[in-house]
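The structure appears right after this line, and notes come after that.
Every chain is numbered from 1 and lettered A, B, ... according to where its sequence line falls, protein lines coming before strand lines. Values below: every heavy atom of this structure, side chains too, minus hydrogens, waters and symmetry copies.
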Protein chains: 2
Amino acid sequence: MTGLSDVGERPPRDRAATRRRLLDAARRLFAEHGYDHVTVRMIAAAAGANVALINRYFGSKSALFAEVLAGEPTVRAVIDGDAAGLPRRLAEHVVRQIHTGAESPVLRALDRSVGSVELKPLLRERMENAMVRPLAARLTGPDARVRALLAASVLMGGGTLRRLLGLDDLRSADRELLTARLTAVFEACLTEAPSLR
Amino acid sequence: MTGLSDVGERPPRDRAATRRRLLDAARRLFAEHGYDHVTVRMIAAAAGANVALINRYFGSKSALFAEVLAGEPTVRAVIDGDAAGLPRRLAEHVVRQIHTGAESPVLRALDRSVGSVELKPLLRERMENAMVRPLAARLTGPDARVRALLAASVLMGGGTLRRLLGLDDLRSADRELLTARLTAVFEACLTEAPSLR
DNA sequence: AACGCTAGTATACGCTTGTTTACATGTCAA
DNA sequence: TTGACATGTAAACAAGCGTATACTAGCGTT
């Protein structure tokens, strides 16, 4: 057992490459299982590297997680753009994730790692800066932050539930209908003046 | 150090009472920190009981969690009732939780415990039986299950995000307006035929 | 008063965790 | 070729985990 498992030919003794492999393995594993259920030994094995190198190259497990987090794309691209099409874009984003299974690893890691005390400030800051604040910035009218929080809730909640129950049901649903429904949901979240009832 | 911490006078050698204290402590701790971050020693300390009693009375940590789960009230009371008022009732339910802070421990435990492999079937079954299925049963028309899943997502997502970001923003929001907005959200989730756009 | 049963205790077991240490090995300049 | 340094390895570390075991102490029955 040399420690190689996933990886084929690789140039020996390449610091940068090894670091990258560790980072990639960490990203994948954190996304799938969450922070707590991934051990440094799992990461090392998946990267075909030695456990000690994680601490050598990243300092600690949580520092590695932080670097994974920092490297992940945000939903900024979806949020930016004309405010009118925002609900529709958010809906399409969710539907796309459902169908491709390419849900953002950072989101998947997020809701599986909320319990960790050491990670909470990190995750909090990330959610705030990458989702809530930019979303609120695009909204006019009162309660912009509340509405942004609502929309962010929907974005988060889908992940948790989908992973718990499986996404087969949602996948098999009519795609255009689902997008329309989600658009309505996000509109209800974000609209300036909901009709009181 | 006698092991008492939280608990005042208690009748000595009372099996039923000790069991109940352990169950209560477990419910509170699981709800606050999630399954993984609660140790049996924490539970025992909070209950003013000995660690070994957990295994004696419940068999194992996960069996204790299962019993906590089984004892928790579900959202059935909110779901049951006339179908027309369902979105409004769900919205009021969420707003009530925000304002009282009395969010269901089971929900709080849920999204903090999704990562645990041993718990997944348990949680999955719970979500399915206590939320998705009864919700879908109240809906008419096609895609009932998809719509129920959507509503359940919103219910789940709020918890995760709220805990991550704090609920002060939502608390300070106008209560009636928030309810109206959430009603619209749930209507968008549950309505039979969303307008295509 | 002595027994037996049971609630409760103290402690140890085996294992896993993140991290650190001591060492081996490959690479390159001198 | 040799020495220095960077890279990777194996093993050990201390701490924490869930669980099991051997024990003590209280209570009711006889």
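In terms of polar N and O atoms assigned as donor or acceptor, the side chain of B:R41 never comes within less than 3.5 Å of the base of D:dG16 in a complementary pairing.
Under 4.0 angstrom from either OP1 or OP2 of D:dA6 there lies no side-chain N or O belonging to A:R15. Listed pair A:T18 / D:dT7 fails the phosphate criterion, with no side-chain N or O lying under 4.0 Å from OP1 or OP2.
Rounded to whole Å, the distance from CD1 on B:I54 to C1' on C:dG8 is 13 Å. Taking atom CG of B:N50 as the reference point, atom C1' of D:dA20 lies 12 Å away to the nearest angstrom. In this structure, the NE2 atom of A:H33 is 17 Å from the C1' atom of C:dT16, given to the nearest Å. Rounding to whole angstrom units, NZ of residue A:K61 and P of C:dT20 are separated by 15 Å. One can place CG of A:L29 at 13 Å from P of C:dT17, the figure rounded to the nearest angstrom. Atom P of nucleotide C:dG8 and atom CZ of B:R20 are separated by 12 Å, given to the nearest angstrom. Put simply, CG on B:N55 is 15 Å from P on C:dG8, counting in whole angstrom units. One can place CZ of A:F65 at 14 Å from P of C:dT19, the figure rounded to the nearest angstrom.
Look at A:E92 and A:R88 and you find a salt bridge, because one of the NZ, NE, NH1 or NH2 atoms lies within 4.0 Å of a carboxylate O, short of that distance. The pair B:E128-B:R145 counts as a salt bridge, with a side-chain nitrogen and a carboxylate oxygen less than 4.0 angstrom apart. Salt-bridge formation is detected for the pair B:R27/B:E72: a Lys NZ or Arg NE/NH1/NH2 atom is positioned less than 4.0 Å from an Asp or Glu carboxylate oxygen.
In this structure, A:F58 reaches neither bases nor backbone, as no heavy-atom distance under 4.0 Å exists between it and the strands shown.
Taking only side-chain atoms of B:A52, from C-beta outward, the nucleotide of C:dT19, D:dT21, D:dT19 with the closest atom is D:dT21. The B:L53 side chain lies nearest to C:dG8 when the options are C:dG8, C:dT20, D:dT7. Set against C:dG8, D:dT19, D:dA10, the side chain of B:R56 has C:dG8 as its closest nucleotide. The listed nucleotides are D:dT9, C:dT19, D:dT19; the one nearest the side chain of B:V40 is D:dT19. For A:Y57, the side-chain atoms get nearest to D:dG8 when compared with the rest of C:dT19, D:dG8, D:dG18.
The OG1 atom of A:T179 lies 12.0 Å from the CG atom of A:L90; values are rounded to the nearest 0.5 Å.
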Please table the atom pairs, donor to acceptor, closer than 3.5 Å between any side-chain atom in residues 43-50 of chain A and protein atoms at least two apart or in another chain.
from  : atom 1 : to    : atom 2 : distance (Å)
A:N50 : OD1    : A:A52 : N      : 2.9

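Taking the six-membered ring where tryptophan is involved, the planes of A:F65 and A:F30 are perpendicular, since the angle between them exceeds 60° and thus also 30°.
The side-chain contact (heavy atoms from CB on, under 4.5 Å) test applied to B:A84 returns B:D82, not counting sequence neighbours.
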Under 3.5 Å, which N/O atoms of the protein pair with N/O atoms of nucleotides 26-30 of chain D?
from   : atom 1 : to    : atom 2 : distance (Å)
D:dG26 : N2     : B:R13 : NH2    : 3.3
D:dG26 : N3     : B:R13 : NH2    : 3.3

